[in-house]
Amino acid sequence: MQFPAEPFRIKVVEPLKITSREEREKLIKEAGYNIFMIPADSIYIDLLTDSGTSAMSDNQWAGLMLGDESYAGSKNYYHFEETVRHIFGFKNVIPTHQGRVAENLLFSNILKEGDVVPNNIHFDTTRANVEYHKAQAIDCVIDEGMDPQNLHPFKGNMDIDKLEAAIQKYGKDRVPIILLTVTNNSGGGQPVSMQNIREVSAVAKKHGIPFFFDACRFAENCYFIKEREDGYQDKTILEIAQEMFSYADGCTMSAKKDGLVNIGGFLAMNDDEWAQRITNMLILIEGFKTYGGLAGRDLEAIARGLKEVLDENYLRFRINQTRFLGEMLDKEGVPIVKPVGGHAVYVDARRFLPHIPPEQFPGQALVVELFIRAGIRSVEIGSLMMAKKDPQTGKMIPPKLELVRLAIPRRVYTNMHMQYVAEAIIEIHREREKLKGFAIEYEADFLRHFTARLKPIA
Ligand code: P61
């Protein structure tokens, strides 16, 4: 079968509210045309993020009842630690309540002013945590990774020449760590190949620089390796993950993605001295080292989720569900980022709405129309979220791409939901000339997309 059906059946249902077009027009107007301001229970299909929105399995829910809420030494911590060690192979396992805390703890321990951190592309929380320590976050993804039409199978790969050039330019003493984000979220959920991981690891070793993964979507990355890279077709996802992590010294992880849970994360590493220092900091800001800001039951759910996410039938469905949505759109001429990534389909709003200039937010025009027409929530990743201001003229400098992300929660929506989403977008695409741009009425000084108020341009 080209698109496998859901490898689970539904035991509990959560009814969805279906609002009328008039209700949605009123809601979005009251929200200042900002999709973050819409109450979630007025949304029919919520594709804002795949983070923390997974459906847990019956096995995970059962695990919650085995939560041991002891302050120190909870049995769930040991299960969690053993599971992370088995899959990721790192010696020290430090729980945190989500991914950005793992980043903050790591960088607080190793970064100083003027340092440089290379990554394929830093996710926004990673970049913000690097810059908070007055260090510089630099992106070294291959050029193909920035071209929405290039069909390279591993568009998340690090450009080894760019990485070497950065180390030469700043000197290895100013590069305390090399990161690699799998899959590359900010580049469209694109995978990194095992070959590239080996090469990055070799560069790191040659210069004596520690190498860490941002491992949020590691299992999805492993599935792409199995599917696309020679020599991995007969390996299990666990074997691929174990090999991948064997080339690194540690990782940060938001378990809200491939941990299949609603909250949780961790930091894992081989270095005992770093782990000791970070644990002391953890105790100051998150909690004792056997819970790290989580309940015992949360740790149990993560341990079980990390095992479930390695199931190849699950991953085959997961990756193909995303592809199913992408291919339906592509077939009807809707411009998307290709190949389709692991966790989301990205619509190219610049080509979808060429008559709306970046300063009138074409991506946001599509986001608003998709909500009004179909009750679907997506998110703009374009000028509203990412534009910079020219310090001299005050004029907006748009980012390279104007995208709308349709992120798919894990095990939540069926393929019929995806068909509904595709039909809505295809319908809008047919009538695209009717869409109009937006102007900003209110904006905050930073991260304006979360709270901005907009008005339609007549
Ligand atoms: C997302 F709009 N991602 O994609 P935490 N690394 C990577 C991530 O994708 C990631 C984190 C670290 C989110 C949630 C999100 O402004 C935003 O557990 C590759 O969320 O702390 C999160 O993990 C951080 C969306 C986060 C945003 C911040 O939707």
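First listed ligand is number 1; within each ligand, the first listed atom is number 1.
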Requested in this report: Give a yes or no on whether Lys226 atom NZ has more than 12 heavy-atom contacts from other residues, nucleotides or ligands under 6.0 Å away.
Outcome: yes
Query raised in the report: Among pairs that include at least one residue of residues 83-95, which meet salt bridge (Lys or Arg N to Asp or Glu O under 4.0 Å), considering only residues two or more places apart or in two chains?
Result: Glu81-Arg85, Lys91-Asp272
Requested in this report: Please list, by chain and number, the protein residues whose heavy atoms come under 4.0 Å of ligand 1.
Outcome: Thr49, Ser51, Gln98, Gly99, Arg100, Glu103, Phe123, Asp124, Thr125, Thr181, Asn185, Asp214, Cys216, Arg217, Ser254, Lys256, Lys257, Arg405, Phe450
Query raised in the report: Less than 6.0 Å separating the ring centroids of Phe213 and Phe88?
Result: no
Query raised in the report: Quick one: side-chain hydrogen bond (donor to acceptor under 3.5 Å, both in side chains) partners of Asp258, sequence neighbours excluded?
Result: Arg410
**Report entry** More than 12 heavy atoms from other groups under 6.0 Å of OH on Tyr132
**Finding:** no
Requested in this report: Any salt bridge (Lys or Arg N to Asp or Glu O under 4.0 Å) involving residues 124-134? Give me the pairs, sequence neighbours left out, ordered by first then second residue.
Outcome: Arg127-Asp139
